[in-house]
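Take a look at the structure set out below.
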Amino acid sequence: MPDDLPPDLDRLHTLRTWHAMWLERIDRQIAYVQKRQAEEERGRRIRPRPPDWVVELSRATSGPLQVHDGACRMKGKDHRAVSRDEARQLLTADAVPACPVCQPDTQLRVIGGLAARRNRPGRASNERSLTTAIVPNRRLVTTA
């Protein structure tokens with residue numbers, strides 16, 4: 001018999017009750033954590049996929065500001081999903097600038113829309129005429 005337990009029956013019952021209470025608390029916590037993990041996993045499974053392309057909208061005019069990849073973290077709060085064709089249309093004909101971070105123009109292989117690229121923040125204003133081409137490794141190359 002272990003010597004560290006009390007010799008009388010009353011204290012032994014008290015210790016048993018105390019340990020039973022702790023086991024019940026631990027079991028409740030285990031059940032809570034299992035339920036929370038199951039809910040998180042279910043949330044991950046049913047979360048909708050982000051759209052492939054989005055256009056960031058101006059809060060003042062509700063007009064398009066920039067085109068982004070759907071997973072880009074730089075898109076503003078006001079944005080809407082667009083199709084691949086609409087994103088290409090916005091980048092080329094409508095001259096909406098592409099996001100400099102996710103570069104949807106490169107992903108969409110857009111050659112036109114140079115005015116939009118020239119107006120990107122941080123670009124020099126004294127640029128010469130640009131020649132743009134897609135090289136075989138799918139990179140957009142712009143030369144002066």
Side-chain angles (χ1 to χ4, degrees), residues 1-125 127 130-143:
M1 272 307 200
D3 295 330
D4 60 342
L5 292 175
D8 60 303
L9 195 56
D10 287 339
R11 286 192 288 173
L12 286 171
H13 280 298
T14 302
L15 282 174
R16 187 180 189 296
T17 303
W18 185 81
H19 281 286
M21 287 180 357
W22 269 101
L23 279 176
E24 184 181 329
R25 270 185 83 186
I26 292 169
D27 288 342
R28 278 196 314 262
Q29 185 68 16
I30 288 171
Y32 171 76
V33 170
Q34 286 174 335
K35 180 181 176 184
R36 190 180 67 218
Q37 286 177 348
E39 288 171 353
E40 288 173 0
E41 178 60 30
R42 181 177 176 271
R44 275 191 291 275
R45 279 187 279 121
I46 65 172
R47 182 177 300 136
R49 277 189 57 229
D52 290 334
W53 311 103
V54 296
V55 61
E56 183 178 351
L57 303 171
S58 166
R59 289 186 176 191
T61 64
S62 296
L65 284 177
Q66 278 187 337
V67 177
H68 296 271
D69 179 285
C72 180
R73 296 198 180 266
M74 298 304 292
K75 64 184 179 254
K77 290 183 180 181
D78 293 337
H79 60 271
R80 68 176 171 87
V82 293
S83 67
R84 180 181 189 85
D85 293 334
E86 188 176 353
R88 292 181 74 134
Q89 171 74 24
L90 287 166
L91 289 168
T92 55
D94 298 342
V96 175
C99 171
V101 175
C102 64
Q103 300 177 344
D105 52 347
T106 304
Q107 294 178 42
L108 291 167
R109 299 185 195 171
V110 173
I111 295 174
L114 291 177
R117 277 188 224 106
R118 285 186 188 144
N119 293 330
R120 283 188 183 158
R123 301 279 306 235
S125 60
E127 292 182 25
L130 299 175
T131 305
T132 305
I134 299 176
V135 293
N137 65 357
R138 297 184 181 174
R139 294 185 64 177
L140 187 65
V141 177
T142 304
T143 59

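Residues: numbered from 1 along the sequence shown.
The only member of His79, Gln103, Lys75, Arg73 that meets side chain to side chain contact (heavy atoms under 4.5 Å, CB included) when paired with His68 is Lys75.
Taking Arg80 as the reference, Val55, Leu57, Val82, Glu86 meet the side-chain contact (heavy atoms from CB on, under 4.5 Å) condition, with sequence neighbours excluded. The side-chain contact (heavy atoms from CB on, under 4.5 Å) check on Pro51 picks up Val54, Ala81, with sequence neighbours excluded. Here Thr17 pairs with nothing under the side chain to side chain donor-acceptor pair (under 3.5 Å) rule; sequence neighbours left out.
Annotation: side chain of Leu65 is not in contact with side chain of Val96 (no heavy-atom distance under 4.5 Å). Inter-residue side-chain proximity for Leu108 and Trp53 is flagged as met; some heavy-atom pair is nearer than 4.5 Å.
A salt bridge does not link Arg88 to Asp85: none of the charged side-chain nitrogens sits closer than 4.0 Å to a carboxylate oxygen.
Under the salt bridge (Lys or Arg N to Asp or Glu O under 4.0 Å) criterion, the residue pairs touching residues 48-70 are Arg49-Asp52, Arg59-Asp78, with sequence neighbours excluded. A salt bridge (Lys or Arg N to Asp or Glu O under 4.0 Å) check over residues 15-33, counting only residues at least two apart or in different chains, returns the pairs Glu24-Arg28.
The main-chain N or O of Cys102 is found under 3.5 Å from a side-chain atom of Gln107 such that the two form a donor-acceptor pair.
Here the closest heavy-atom approach between residue Gln66 and residue Ala98 is recorded as NE2-O, 4.1 Å. Closest heavy-atom contact between Pro104 and Val67: CG-O, 3.2 Å.
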Which donor-acceptor pairs under 3.5 Å do the side chains of residues 33-47 make with protein atoms, sequence neighbours left out?
| unit_1 | atom_1 | unit_2 | atom_2 | d |
| --- | --- | --- | --- | --- |
| Glu41 | OE1 | Arg44 | NH2 | 3.2 |

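One distance of note links CG of Leu91 with SG of Cys99; it measures 11.0 Å at 0.5 Å rounding.
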